[in-house]
Asker: 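Quick one: this structure, given as structure tokens, is what I'll be asking you about.
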Amino acid sequence: MWHIIGMYMLNVLGMLMQPETKPVGQNIYVVLAVTLIVWLGVFFFLIYLDRQLKQVKQKVEWQEGEEKK
Amino acid sequence: MNLRKSALEENVWTLLVKSNIIFQKDFHLEFRTRYAINAIILFAVISLTAVSFSIGPMQLDPPIQSAMLWIIIFFSAMSGLAHIFVREEEQQTSDTLRLVAPPTAIFLGKWVFNVVLLFSLEIIVIPLYIALLNVDVQGMGAFLTIIILGSVGLASIGTIMAAIVAQASTRGALFAVLSFPLSIPVLRSAIQGTWTAIQGGGLADCLADIQLLFSFTVVILTSSIMLFEFIWRK
Amino acid sequence: MKRDWWKWLLGIWMTVMILGAFLYTPVAKGLGQTTRVLYFHVPSAWVATLSFFISALYSIRYLQKQNIVYDIWAASSAQIGFMFTVLATVTGSIWAKEIWQSYWNWDPRETSIFVLLLIYAAYFALRSAIEEKNQKARLAAVYSILAFVTVPFLVFVIPRIYDSLHPDPLINPERKIKMDPRMLQVFLGSLFGFTVLFYWILRIKTEIEFLKLKLSKRM
Amino acid sequence: MIRIEARDLQKQFNDRLIFSQINFSLQSGESLAITGPNGSGKTTLVRIISGLISPTSGQITYHINGRTYAPHEVYGVIGLVGPYLQLYLNLTAWENLEFFSRIRGVPVDKSRLKRLMAHFGLAGRELDLLKTFSSGMLQRMKYVVALIHQPEVLLVDEPTSNLDEEGSETVYQLLEEQQKDKILIVATNEPEEIRFGRKRVDVTGQK
């Protein structure tokens with residue numbers, strides 16, 4: 001299981017050491033985009049989970065109320 | 001109390017005998033209806049002629065030739081291998097089977113059937129493939145070894161996935177969806193090995209592929225035998 | 001609030017890591033500013049594989065104990081893993097466009113994450129195709145374990161696939177791996193932060209599922 | 001000597017409770033009738049006893065010669081007849097018998113099997129495909145198959161469904177016979193058949 005992450009790491013590390021002739025990767029907006037995508041992804045997932053949690057909790061409370069009656 | 005001893009006893013030998021009986025039963029049934037074998041061979045022949053027709057007189061490169069062969073075998077397998085368990089489920093005979101035989105014997109019997117099914121497909125399709133796509137196989141020994149090992153590998157994955165899919169509601173598409181990710185190691189090394197063999201490589205040249213195909217099949221088969229009980233017993 | 005201290009700590013920790021990624025670490029030669037992608041993209045991929053691993057472990061537990069609780073853990077972990085796999089794939093693709101000039105070129109890492117994506121997709125397709133809860137759990141667990149058995153073979157297969165097409169200097173045993181210590185610090189820090197984040201999300205997700213289970217039992 | 005012990009059996013499909021707190025104990029020479037209206041879970045209970053499905057909670061065990069087994073381990077001593085157990089319709093009656101004998105590890109005794117077929121009024125149909133059989137004939141055929149290995153435990157779900165009077169009579173005889181020194185479990189609603197169970201389990205009241 002660790003191999004995929006290992007390969008990713010090696011990939012990146014290898015690239016760091018690769019002598020490059022072309023100036024590539026100077027685009028800071030790419031970094032911005034990637035960072036934003038990761039954080040928005042996690043954020044929206046959390047929001048989605050939070051809403052689910054609230055709904056379920058509401059249902060539980062409602063049911064407990066019913067039972068008391 | 002005349003309780004037959006054999007009723008409660010199970011050992012490796014009876015398992016093998018019983019899986020053979022199940023295989024014979026399935027073979028017999030298949031022989032009578034020819035459902036799976038028709039589907040699988042027609043599929044292969046149609047896709048093969050479609051490819052041959054569309055390339056015309058062009059000669060494909062060995063890498064594409066070998067990839068083509070395995071794509072055709074894989075999708076033909078997907079059209080027929082699930083049948084073995086789906087049939088039992090659809091005709092409601094699976095519970096009957098559960099009551100007469102141990103799971104391992106059932107799995108092995110079905111597995112042998114699927115291996116035989118793929119082999120019979122290949123007996124027809126490989127000559128056609130060589131003729132229609134104008135393939136010049138230089139290393140025949142390695143070529144056949146790879147084909148045999150590759151189909152055993154595909155049949156192993158196909159059999160255990162068929163057992164899973166037979167219990168689900170949407171069977172057709174699900175079978176290919178489940179099988180494909182697990183078949184990637186088989187397909188990949190089989191394509192690589194076939195390619196080497198077409199170009200004249202011997203057994204030694206595709207040793208790595210052969211080793212991988214072999215060990216992968218063994219691993220999948222043993223884990224399938226261990227896990228099959230969980231699928232089969234509800 | 002007291003029991004949530006680690007959540008606040010995680011927030012601060014990740015903020016420091018993001019700041020560090022942009023302000024503290026140097027850029028690597030050849031990658032330029034995009035080096036900084038590393039601190040977000042690789043941890044996503046790490047969490048994706050970690051959750052696959054955890055899902056498989058809980059699947060084994062489920063088959064041993066036949067307790068639906070383990071199935072909830074396995075499925076939740078897989079769901080979170082799927083999200084991180086998508087994140088890792090998308091970010092990786094953007095990064096690849098920048099440094100390799102194409103969004104997708106089937107190099108070994110792209111292939112392995114793609115296979116992981118396929119496995120997750122198949123796992124969820126299977127789950128949605130079965131009605132009965134225990135049966136769903138059983139079959140999904142078996143599939144998960146078989147996928148888990150398959151993955152190590154991909155390690156041998158995938159690197160061999162395309163090296164003839166992509167002369168790949170990246171996996172090269174002779175090359176020593178050296179990383180600027182500042183980069184390493186932020187990288188490992190970020191990796192740790194993502195792992196805790198994963199744990200947190202997993203807790204929330206399983207709590208939801210447990211509540212749902214409780215709810216359905218009362219009915 | 002076989003003893004079947006059921007303790008607190010409970011079965012759920014998703015969150016729907018089929019039954020719970022089913023308890024009984026049976027030994028060779030005893031019989032059990034499972035009763036309850038349609039859809040109450042008689043079949044489910046039969047399937048649990050025969051090991052086809054497992055209960056959601058509770059335990060069912062078989063004690064044979066001082067050893068304890070789970071139901072799925074003792075399929076060799078169980079015979080089951082039920083509407084959901086089909087035979088291979090694309091094989092002939094004889095091929096079916098041959099297959100089930102061999103897989104059960106019973107020698108294929110031609111004269112005995114022929115007698116069994118004749119006993120259930122199927123003489124002369126041995127070489128016909130089962131798909132040409134009527135539903136009543138199929139039901140008779142299921143009894144033949146279930147008796148191949150002379151099961152110590154016989155479970156019958158709706159014993160006389162699809163059967164005419166003559167067929168029912170044959171089945172009643174068989175049940176009478178089984179009851180004497182072996183275990184018989186009948187799931188039914190017909191008063192005439194309930195009498196075959198000395199012990200009773202009513203699935204309805206068990207929620």
Side-chain angles (χ1 to χ4, degrees), chain B residues 63 67 107 153 156-157 159-193 195-196 206 208-209 211-234, chain C residues 52 56 59-66 70-71 85 106 108 111-165:
Chain B
F107 178 78
S156 314
I157 295 195
T159 311
I160 189 81
M161 289 301 131
I164 294 180
V165 162
Q167 294 193 22
S169 51
T170 48
R171 286 160 186 164
L174 193 61
F175 185 48
V177 168
L178 292 186
S179 306
F180 181 63
L182 305 195
S183 307
I184 288 174
V186 174
L187 288 177
R188 193 50 237 181
S189 8
I191 290 173
Q192 188 99 29
W195 172 11
T196 320
C206 23
D209 297 309
Q211 280 171 338
L212 193 128
L213 283 174
F214 183 75
S215 50
F216 183 69
T217 306
V218 169
V219 167
I220 284 291
L221 209 53
T222 34
S223 31
S224 297
I225 289 172
M226 287 185 335
L227 293 171
F228 181 70
E229 251 196 285
F230 294 107
I231 303 174
W232 186 243
R233 267 204 283 120
K234 289 184 176 173
Chain C
F52 177 61
S59 296
I60 296 172
R61 293 290 290 165
Y62 177 79
L63 289 187
Q64 284 171 339
K65 304 276 174 198
Q66 310 275 328
Y70 294 117
D71 180 58
T85 314
W106 292 113
T111 312
S112 15
I113 201 95
F114 183 70
V115 174
L116 199 61
L117 212 56
L118 281 180
I119 290 175
Y120 275 132
Y123 179 79
F124 293 123
L126 175 62
R127 291 188 74 92
S128 64
I130 307 163
E131 279 287 314
E132 214 275 320
K133 220 163 42 181
N134 292 300
Q135 196 180 13
K136 178 189 288 188
R138 242 176 339 104
L139 297 182
V142 170
Y143 187 74
S144 180
I145 294 169
L146 280 171
F148 182 66
V149 169
T150 307
V151 167
F153 285 92
L154 296 169
V155 193
F156 299 108
V157 174
I158 286 176
R160 294 183 50 232
I161 301 185
Y162 293 104
D163 49 18
S164 55
L165 304 177

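Lettering of chains follows the sequences in order, A, B, ..., and the numbering in each one begins at 1.
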Asker: Can you list the steps and then say if F107(B) with L221(B) is a side-chain contact (heavy atoms from CB on, under 4.5 Å)?
Answerer: CA-CA 10 Å; F107(B) 178 78; L221(B) 209 53; 4.1 Å; yes

Asker: Can you tell me how far the OG atom of S156(B) sits from the CE atom of M161(B), to the nearest 0.5 Å?
Answerer: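 Here the rounded value is 11.0 Å.
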
Asker: Applying side-chain contact (heavy atoms from CB on, under 4.5 Å) to L63(C) and I145(C), what does each step give before you reach the verdict?
Answerer: CA-CA 10 Å; L63(C) 289 187; I145(C) 294 169; 3.6 Å; yes

Asker: Quick one: of L117(C), I119(C), N134(C), I130(C), who has the most non-hydrogen atom pairs under 4.5 Å with chain B?
Answerer: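 The residue among L117(C), I119(C), N134(C), I130(C) with the greatest pair count is I119(C).
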
Asker: May I ask you to name which of K136(C), E131(C), Q135(C) has the most heavy-atom pairs under 4.5 Å with chain B?
Answerer: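 Looking at each option in turn, the highest pair count goes to Q135(C).
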
Asker: Quick one: what part of L174(B) sits under 4.5 Å from any heavy atom of chain C, side chain, backbone, both or neither?
Answerer: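 Just the side chain, heavy atoms under 4.5 Å.
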
Asker: Given a strict heavy-atom distance threshold of 4.5 Å, which part of F228(B) is in contact with chain C: side chain, backbone, both, or neither?
Answerer: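 Interface part for F228(B): neither.
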
Asker: Determine whether more than 12 heavy atoms belonging to other residues, nucleotides or ligands lie under 6.0 Å from atom CZ of F114(C).
Answerer: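 For F114(C), atom CZ is not crowded (no more than 12 foreign heavy atoms under 6.0 Å).
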
Asker: Using heavy-atom distances under 4.5 Å, tell me whether E132(C) contacts chain B through its side chain, its backbone, both, or neither.
Answerer: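 For E132(C), no heavy atom lies under 4.5 Å from chain B.
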
Asker: Find the one option among L182(B), L227(B), I191(B), I160(B) whose heavy-atom pairs under 4.5 Å with chain C are most numerous.
Answerer: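 Highest number of heavy-atom pairs under 4.5 Å: L182(B).
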
Asker: How long is the gap from CZ on F230(B) to CG on L139(C), to the nearest 0.5 Å?
Answerer: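 If I round to the nearest 0.5 Å, the distance is 12.0 Å.
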
Asker: Answer with side chain, backbone, both or neither: which region of I157(B) has an atom nearer than 4.5 Å to a non-hydrogen atom of chain C?
Answerer: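 Nothing of I157(B), per the 4.5 Å heavy-atom cut-off to chain C.
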
Asker: With a 4.5 angstrom heavy-atom cut-off, could you sort out which part of S183(B) is near chain C: side chain, backbone, both or neither?
Answerer: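 S183(B) has no heavy atom closer than 4.5 Å to chain C.
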
Asker: Starting at CG of D71(C), measure out to OH of Y62(C) and round the result to the nearest 0.5 Å.
Answerer: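 Nearest 0.5 Å value for the CG-OH distance: 6.0 Å.
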
